[in-house]
Amino acid sequence: MTNFVEELRWRGMLHDIMPNTEEKLNEGMTSGYIGFDPTADSLHVGHLTQIMTLIHFQNAGHKPFALVGGATGMVGDPSGKSDERNLQTPEMIEHNLKGMKKQLAKFLKFEEGGNGAVMVNNADWFKDMNLFTFIRDVGKHITVNYMMAKDSVKRRLEGDSGLSFTEFCYQLIQGYDFYHLWKNENCLVQMGGSDQWGNIVTGTELIRRKDQGTAYAITTQLIKKADGTKFGKTESGAVWLDPEKTSPYKFYQFWLNASDDDVKKWIRIFTLKNQAEIEALEKEHDAAPHLRILQKALAEDITIKTHSVEALETAIKTSEFLFGNGSLEFLKSLSEKQVLEMFEGIPQFNISKSELSAGIDAATLLAEKAAVFPSKGETKKLIQGGGVSVNKEKVADVMQVFNAESLINDKFIVVQKGKKNYFLLIAE
């Protein structure tokens, strides 16, 4: 058994810890949990800090519980939110839960006995509880004054949108989750992001007031990017763990594009590499920052953990194709969906497959049939300067003819201006 709190501490993950928590954990195997609300059918990179916390908890010899909020998902947590969430239907929540359970099972060892991870759904203990039972058995133990003092409540009351009674009750509901798991599963510790401290402490207080019991709390740092932008967001939106929502290539690129300031923090948080391994990588990186050694180590590790070795290989080959001397054979090995994902955000033009079958010269194809370049004159100038490639081969003559045989997978033509400016022609 290793010191879980010390593990979080050296990795820069620890934020708050209740007195005596570290000592309690060092006594022996302890059960603890983190809750995940099913706001979507996939987790995203913003959830990875908590997933990694559970992994470290299990690796330290403790028993992790992953609580999926079938009940709390119907309410919405006001912590860190300026507006109330849209309420979801039971059908939406059930759909989301299935996706989350599948993903969590990739990170944690769910097995019988010992410190095997356990997945629980708070809908199981709330579904048969009516309002009167809740306000009598739970509500009477926590005063309104206590609830009003929480930062998450204060911020919303001071804001323009206010706070509904539904959201005001959230801390009581989450507090009862902790009480239920403490009472029935001997779950002594609740963990979460630093914005969850108020909700977690409400749980420890409910356990103390209702049953004179003792429970513990740990929160982790919220991840912030060095440039001030929100972690886990790109121009195209959230970075999801589901490959159908964010392709492994884009997932890999997200980590590969981390700044030097960010990657030195993230490699501690999002990998299981030990301190000596990380310090050796940092030394290598600092000697040759242009090689992006830390970024590559982080991107490779987390892509394998989230997806697979095969997905990582495809992501690397995709990067090589777009930014290096990748093979056209690689592109031919991809499905139509994978090609479109690869070129998402890159200018795309539809062309007629029947017209292409008859043959079209380069100038007409690139300036008229697909407006890659503004005019035939501009196209001619670029081709003569050696600045245009089609399917990774330089176009030598403005009158060079392209036809149906030029199509990759009977569908695509890849055009480049210089090395980095891509255009995709799609034959319909």
Could you work out, with salt bridge (charged side-chain N to carboxylate O under 4.0 Å, His left out) as the rule, every residue matching [X], not counting sequence neighbours?
| X | answer |
| --- | --- |
| K380 | none |
| E279 | none |
| E320 | none |

Whether the side chain of [X] engages the backbone of [Y] through a donor-acceptor N/O pair (distance < 3.5 Å, no angle test) should be reported.
| X | Y | result |
| --- | --- | --- |
| K394 | G386 | yes |
| N26 | N3 | no |
| Q338 | S335 | yes |
| N403 | G359 | no |
| N409 | K411 | no |
| T246 | P243 | no |
| D361 | T364 | yes |
| S333 | F330 | yes |
| T379 | S375 | yes |

>> side-chain contact (heavy atoms from CB on, under 4.5 Å), that's the test. Do I426 and Q348 meet it? Break it down for me.
In response: CA-CA 7 Å; I426 305 170; Q348 299 178 5; 3.6 Å; yes
>> Evaluate Y249 against E341 for side-chain contact (heavy atoms from CB on, under 4.5 Å), listing each step before the verdict.
In response: CA-CA 9 Å; Y249 162 68; E341 282 177 347; over 6 Å; no
> Quick one: ring-ring contact (aromatic ring centres under 6.0 Å, His included) partners of H47, sequence neighbours excluded?
Replying inline: H44
>> F57: which residues meet the ring-ring contact (aromatic ring centres under 6.0 Å, His included) condition with it, sequence neighbours left out?
In response: F4, H62
> To the nearest 0.5 Å, how far apart are CD in Q50 and CD1 in I55?
Replying inline: 11.5 Å
>> Nearest 0.5 angstrom please: F373 CZ to I383 CD1, how far?
In response: 7.5 Å
> Would you call the rings of W255 and F251 parallel, tilted or perpendicular, where under 30° means parallel and over 60° means perpendicular?
Replying inline: perpendicular
> Would you call the rings of W266 and F270 parallel, tilted or perpendicular, where under 30° means parallel and over 60° means perpendicular?
Replying inline: perpendicular
[X]/[Y] ion pair, N-O < 4.0 Å:
| X | Y | answer |
| --- | --- | --- |
| K369 | E355 | yes |
| K296 | E300 | no |
| D242 | K102 | no |
| E7 | R11 | yes |

> So which pairs with a foot in residues 38-67 pass salt bridge (Lys or Arg N to Asp or Glu O under 4.0 Å), sequence neighbours left out?
Replying inline: D41-K245
> Can you pull the salt bridge (Lys or Arg N to Asp or Glu O under 4.0 Å) pairs that have at least one residue in residues 260-270, sequence neighbours excluded?
Replying inline: K264-D286, R268-E282
>> Can you confirm whether L241 sits close enough to I51 that some side-chain heavy atom of one is under 4.5 Å from a side-chain heavy atom of the other?
In response: yes
> Should we count CE of M29 as having more than 12 external heavy atoms under 6.0 Å?
Replying inline: yes
> For T30, what residues pass the side-chain hydrogen bond (donor to acceptor under 3.5 Å, both in side chains) criterion, not counting sequence neighbours?
Replying inline: none
> By side-chain hydrogen bond (donor to acceptor under 3.5 Å, both in side chains), which residues pair with D177, not counting sequence neighbours?
Replying inline: N122, W125
>> Among I218, T219, L8, V189, which residue satisfies the side-chain contact (heavy atoms from CB on, under 4.5 Å) criterion with I17?
In response: I218
Taking atom types as modelled, find out whether [X] and [Y] have a side-chain donor-acceptor pair closer than 3.5 angstrom.
| X | Y | result |
| --- | --- | --- |
| T202 | Q174 | no |
| S319 | Q253 | yes |
| Q400 | D397 | no |
| D37 | Y170 | yes |

> Can you list the residues that meet the side chain to side chain contact (heavy atoms under 4.5 Å, CB included) rule with D227, with sequence neighbours excluded?
Replying inline: K225, T229
> Can you list every pair that meets side chain to side chain donor-acceptor pair (under 3.5 Å) and has a residue in residues 103-120, with sequence neighbours left out?
Replying inline: S42-Q103
> Which pair of heavy atoms, one from T53 and one from M13, lies closest together, and at what distance?
Replying inline: OG1-CE, 3.6 Å
> Given the side-chain rings of Y179 and Y176, with only the six-membered ring counted for Trp, is the space between their centroids under 6.0 Å?
Replying inline: yes
Please tabulate, for side-chain N and O atoms in residues 412-425, each donor-acceptor pair with protein atoms closer than 3.5 Å (sequence neighbours left out).
residue	atom	partner	partner atom	Å
Q416	NE2	K419	O	3.1
Q416	NE2	Y422	OH	3.3
Y422	OH	F321	O	2.9
Y422	OH	L322	O	3.0
Y422	OH	K392	NZ	3.1

